[in-house]
Engineer: 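Structure below; questions to follow.
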Amino acid sequence: MCNEAARRIALGQLRDDWSQLKIPLRFPEGAPNMAPLPSIRITDATVIIRASAEGAAPGVGLGAGTGLAAELVSRRWSWPMGGKMGSKPLYNYRSEGRSFANSATGGRCLIPVDGFYEFTAPVDPAQKRKTKWIFTPAPNGPLAGDYLCIAGLWRADAAVGEAFTMLTCDPGPDVAPYHARQVVLMPRAHWGDWIGGVVPSADLIAPAAAGSLLVARV
């Protein structure tokens, strides 16, 4: 399972990309700290993008009158299972057979990252540590761009406040040699569909197609 990612995306780039989708990106808690994070681990905070409760002005969004706006906030990765501190953190969540909608206390989100890491048995038998790999968007692939958006869920938790988890699915061909699962990667064309919460989640969740990701040993 994915338990580490990297993020070096500039705030201005996120704003420009959402503007191109005609979805305004808001900062209800002020502009978040976007200092580069080469290693984001479980319980760390990073930015997520979700539907704005305030909506958009009439005629702004995915077509006239949809009223969709997005907001960027910083939240903790994982919440404790059972709602008790010290419990096992829920940082990955299986997507199969489940439906995900939006509400006032939780719902769909996107986690923008430059790449995510997976670990395998040591390539060199003399090594003690596992081999670390980073997955980034392939320049000419279906997820082409400067960064990836992982589909996730956020929720209000009594123990830690609002937090998020990453959704997982069966691995695509690029990930399968390294892990039996992969995080759900949302193509740019479906960013608004995902956070909007109207399109059924099963219609949007799928393994990444072959050629979507570059893999490099760290």
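Model, not experiment: these values are computed from the prediction.
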Engineer: Looking at E162 and R155, is there a salt bridge between them, counting it only when a charged N and a carboxylate O are closer than 4.0 Å?
Structural biologist: no
Engineer: Check this for me: N140, atom CG, are more than 12 non-hydrogen atoms of other residues, nucleotides or ligands nearer than 6.0 Å?
Structural biologist: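 It does not: N140 CG has 12 such atoms or fewer within range.
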Engineer: Nearest heavy-atom pair of N102 and A51: which atoms, and what distance?
Structural biologist: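 That would be ND2-CB, 4.3 Å.
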Engineer: So that I can tick it off, tell me whether R188 and D17 are bridged by a salt bridge, with the cut-off set at under 4.0 angstrom between side-chain N and carboxylate O.
Structural biologist: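 Here D17 pairs with R188 in a salt bridge, since their nearest N and O are under 4.0 Å apart.
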Engineer: State whether the side chain of N3 and the backbone N or O of I42 hold a donor-acceptor pair below 3.5 Å, judged by distance alone.
Structural biologist: no
Engineer: Could you go step by step and tell me if M186 and L110 meet the side-chain contact (heavy atoms from CB on, under 4.5 Å) rule?
Structural biologist: CA-CA 8 Å; M186 197 59 55; L110 292 168; 3.8 Å; yes
Engineer: Give a yes or no on whether the backbone of P32 and the side-chain of S74 come within a donor-acceptor separation of less than 3.5 Å.
Structural biologist: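 Looks like no, no N/O pair under 3.5 Å.
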Engineer: Is it true that K132 and E4 have a side-chain N and a carboxylate O under 4.0 angstrom from each other?
Structural biologist: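 A salt bridge links K132 with E4.
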Engineer: Look only at the side chain of S78 and the backbone of P89, and say whether a donor-acceptor pair between them is shorter than 3.5 Å.
Structural biologist: no
Engineer: Look up atom CG in L148 and atom OG1 in T136, then write down how far apart they are to the nearest 0.5 Å.
Structural biologist: 7.5 Å
Engineer: Kindly assign one of parallel, tilted or perpendicular to the pair Y91 and W77, based on the angle between their ring planes and the thresholds 30° and 60°.
Structural biologist: perpendicular
Engineer: Show which side-chain atoms of residues 6-13 pair as donor or acceptor with protein atoms under 3.5 Å away, not counting sequence neighbours.
Structural biologist:
unit_1	atom_1	unit_2	atom_2	d
R7	NH1	T46	OG1	2.9
R7	NH2	A35	O	2.9
Q13	NE2	D146	OD2	2.7

Engineer: Which residue pairs pass the ring pair (Phe, Tyr, Trp, His ring centres under 6.0 Å) test when at least one of the two sits in residues 22-49, sequence neighbours left out?
Structural biologist: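 Non-adjacent pairs meeting ring pair (Phe, Tyr, Trp, His ring centres under 6.0 Å): zero.
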Engineer: What are the two closest heavy atoms between R129 and P122, and how far apart are they?
Structural biologist: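 Closest pair (atom of R129, atom of P122, distance): O-CG, 3.2 Å.
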Engineer: Only distances under 3.5 Å count here; give the side-chain donor-acceptor pairs of residues 211-218 to other protein atoms, sequence neighbours excluded, each with its distance to 0.1 Å.
Structural biologist:
unit_1	atom_1	unit_2	atom_2	d
S212	OG	A209	N	3.3
S212	OG	A209	O	2.6

Engineer: If a pair satisfies ring pair (Phe, Tyr, Trp, His ring centres under 6.0 Å) and one of its residues is in residues 96-134, list it, with sequence neighbours excluded.
Structural biologist: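 Passing the test, one end in residues 96-134: F116-F135, W133-Y178.
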Engineer: Given 3.5 Å as the limit, does a donor-acceptor pair link the side chain of W194 with the main chain of C109, or not?
Structural biologist: yes
Engineer: Which pairs pass ring pair (Phe, Tyr, Trp, His ring centres under 6.0 Å) with one or both residues in residues 143-163, sequence neighbours excluded?
Structural biologist: Y147-W191
Engineer: I'd like to check the side-chain contact (heavy atoms from CB on, under 4.5 Å) partners of S99; sequence neighbours left out, ordered by chain and number.
Structural biologist: S201
Engineer: Does some side-chain heavy atom of L90 sit less than 4.5 Å from a side-chain heavy atom of K88?
Structural biologist: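 Sidechains of L90 and K88: no contact.
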Engineer: For E29, is there an ion pair with R75 - N to carboxylate O distance below 4.0 angstrom?
Structural biologist: yes
Engineer: Of all heavy-atom pairs between D44 and S39, which one has the smallest distance, and what is that distance?
Structural biologist: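 What the structure gives for the nearest pair is OD2-O, 4.0 Å.
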Engineer: Show the numbers, then the answer: is there a side-chain hydrogen bond (donor to acceptor under 3.5 Å, both in side chains) between T168 and Q182?
Structural biologist: CA-CA 5 Å; T168 67; Q182 73 156 81; over 6 Å; no
